Amino acid sequence: MAFGIKRRELLDWKRKIDEGEIAFLTHYWLDDRFPGYKTVTKVGSHDFDKLAEWGRKYGLKKEWIHHRKDGYSHFDLIGARQKEILKQEGLLEHIWE
C-alpha cells in the first residue's frame, strides 16, 4: 500500500519521465511481502533502454523493470540498495527514517 505522496509529486515524476529524464519518486509503502521496509523509490523512464542502462550501473537487471504500457516503466528500490543508490545519486534526503 502506497501512502504519504502528494498528487503534485506524482505529476512531477510523470512529467520528468515524459520529458525523457530518469525520474525518482520516493514514498511511504507497506507490503507484507517485505516486512520491515517503510519506503520505496520508483525510478522510471519512458525510454526502456535508457532505464535499463541506468540500472546496469547499479547492478540492477532489466528483467526487474516493471514494464508498464502507460509508459511509466520503473525499477522499485527498497532497503539498503535504495539508500545506497539514492546516496550515489545525491538524493538520500528522500529517505525518511
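All values derive from a computational prediction rather than experimental measurement. In what follows, residues are counted from 1 in the order of the sequence shown.
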Legend entry - Beyond-backbone contact of F34 with I78, side-chain heavy atoms, under 4.5 angstrom: yes
Legend entry - Test of ring centre spacing under 6.0 Å for H67 and F48: yes
Inset, instruction - Check whether any side-chain heavy atom of W29 sits under 4.5 Å from a side-chain heavy atom of D76, and report yes or no. - result: no
Inset, instruction - Could I get the full list of side chain to side chain contact (heavy atoms under 4.5 Å, CB included) partners for R68, not counting sequence neighbours? - result: D70, S73, H74
Inset, instruction - Identify the heavy atoms of A23 and I17 that sit nearest to each other, and give their distance. - result: CB-CG1, 3.7 Å
Legend entry - Check against side-chain contact (heavy atoms from CB on, under 4.5 Å), F24 and K42: CA-CA 6 Å; F24 298 81; K42 296 187 176 301; over 6 Å; no
Inset, instruction - Assess the side chains of T39 and Q82: does a donor N or O sit below 3.5 Å from an acceptor N or O? - result: yes
Legend entry - Nearest-0.5 Å distance, CG of residue L91 to OG1 of residue T26: 7.5 Å
Legend entry - Residue list, side chain to side chain contact (heavy atoms under 4.5 Å, CB included) with D49, at least two apart or on another chain: D47
Legend entry - Exceeds 12 heavy-atom contacts within 6.0 angstrom, atom NZ of K57: yes
Inset, instruction - Please name the residue in the list R8, R7, K6, K14 that meets the side-chain contact (heavy atoms from CB on, under 4.5 Å) test with L10. - result: K14
Inset, instruction - Apply salt bridge (charged side-chain N to carboxylate O under 4.0 Å, His left out) to E53 and R56, showing your working. - result: CA-CA 5 Å; E53 182 63 32; R56 193 171 5 265; 2.7 Å; yes
Inset, instruction - State which residues pass side chain to side chain donor-acceptor pair (under 3.5 Å) with E89; sequence neighbours excluded, sorted by chain then number. - result: W54, Y58
Inset, instruction - Grab the two heavy atoms, one from I65 and one from F75, that are nearest each other, plus how far apart they are. - result: CG1-CZ, 3.3 Å
Inset, instruction - Answer yes if the ring centres of H46 and Y72 are under 6.0 angstrom apart, and no otherwise. - result: yes
Inset, instruction - Considering non-hydrogen atoms only, spot the tightest contact between I22 and S45 and give its length. - result: CD1-CB, 3.8 Å
Legend entry - Residues L60, V43; criterion side-chain contact (heavy atoms from CB on, under 4.5 Å); working and verdict: CA-CA 11 Å; L60 305 176; V43 183; over 6 Å; no
Inset, instruction - Flag the pair L77 / V40 as yes when at least one side-chain heavy-atom distance between them is below 4.5 Å, and no otherwise. - result: no
